[in-house]
Amino acid sequence: MATTGNSLASDGMYSQLIDDEESRPDVRLGAHPVPPVRMIPRPSGSGPYRLATICLATLCAVLLIAVIAITSNNKTKPQGGGEATSEKQKQDTNVTALIATINKLQQEKNQLQKEKDELLAKLAATKAPEVIKPTPKATPAPIVCPVDWHLFNNSCYFISRTTRDWPESQSYCESQGGYLAIIHTAEEQTFLWNLLPRGHWNAFWFGITDEHTEDHWKWVDGTPLVGGFWEVGEPNNHIDEDCGYIVKTRVLDRVAIRSWYDAPCSMYCRFICEKEMGAGASTAIPH
Ligand SMILES: *[C@@H]1O[C@H](CO)[C@@H](O)[C@H](O)[C@H]1NC(C)=O
Ligand SMILES: *[C@@H]1O[C@H](CO)[C@@H](O)[C@H](O)[C@H]1NC(C)=O
Ligand SMILES: [Ca+2]
């Protein structure tokens with residue numbers, strides 16, 4: 001470098017860099033020990049610039065990236081922030097609106113609850129009497145007959161101790177919520193028979209008559225008699241006999257299923273009342 005004075009004087013540092021190539025032949029011709037010395041500083045001479053350039057480029061790149069990053073950040077951040085705040089406000093109003101709605105619904109719910117309770121109370125009040133009716137149907141309560149009345153097949157039977165004529169007997173039975181006994185089956189007949197005391201001529205009115213049409217026997221419910229448990233030769237209308245009674249004497253040959261007689265309705269006799277109970281009470285009097 002020191003040997004090439006022309007290049008130093010005429011040009012700047014840049015031209016010197018170029019001259020380095022030209023000066024090489026001179027150096028080779030001149031002295032041997034010089035080239036190795038030159039060779040060492042050569043890379044060191046061009047290195048700092050390259051390094052600086054690289055450094056600057058890197059710095060630039062870093063700065064550029066930083067700037068881009070910041071600007072992009074700034075671009076998204078302020079915009080995002082603005083949207084976020086407006087959205088937040090929206091949400092806040094939304095929340096207050098929702099709270100108001102919830103309160104409204106809560107009030108409506110309370111109102112409906114009140115109405116429901118009132119309706120249930122009304123329903124219970126109206127259903128109460130209905131509940132009583134189906135209960136005996138669902139679980140038939142045991143029928144309890146009044147004192148001196150005897151239970152058979154859902155009916156209670158009363159054997160009078162006093163005597164009346166047939167119409168008064170029927171009236172008494174009706175006053176007790178019943179009627180003169182209607183006897184349809186041998187079991188019923190036998191049950192009643194077993195309640196009756198034996199005597200000289202113990203006779204008991206029951207609910208049959210032919211007072212409307214002679215020899216057309218009808219029960220007190222208006223249904224015609226079918227069969228019956230007449231004594232042999234009865235009914236005979238012997239002395240205008242239009243009412244039926246059961247006779248139980250001391251004669252043990254007499255039996256339940258052959259114990260009916262016809263007699264004048266004006267006779268005073270004891271009598272048998274029947275009163276249907278429980279489920280049977282609601283159904284029509286059997287035919
Ligand atoms: C709640 O906000 C959303 C949008 O964020 C909107 O569509 C909606 O209508 C709002 N609801 C109420 C009750 O304000
Ligand atoms: C019991 O009563 C019913 C009607 O209430 C009747 O149909 C039935 O024959 C009676 N049973 C007896 C054994 O009398
Ligand atoms: Ca008669």
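All ligand and atom numbering here is 1-based and tracks the order in the structure. Side chains included, hydrogens not; waters and symmetry mates left out as well; all remaining heavy atoms used.
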Sort out for me which residue in His150, Glu276, Glu274, Glu188 forms a side-chain hydrogen bond (donor to acceptor under 3.5 Å, both in side chains) with Ser155.
-> Glu274
Can you sort out which atoms of ligand 2 are near Phe152, meaning under 4.0 Å from one of its heavy atoms?
-> 14 (O)
Residue list, disulfide (SG to SG under 2.5 Å) with Cys265, at least two apart or on another chain = Cys243
Ser259 pairs by side-chain contact (heavy atoms from CB on, under 4.5 Å) with which of Thr249, Thr190, Ile246?
-> Ile246
Is Glu187 in polar range of ligand 2, meaning some N or O pair under 3.5 Å apart?
-> no
Less than 4.0 Å between a side-chain N and a carboxylate O, is that true for Glu234 and Arg258?
-> no
Should Glu188 be counted as touching ligand 2, given the test is an N or O pair under 3.5 Å?
-> no
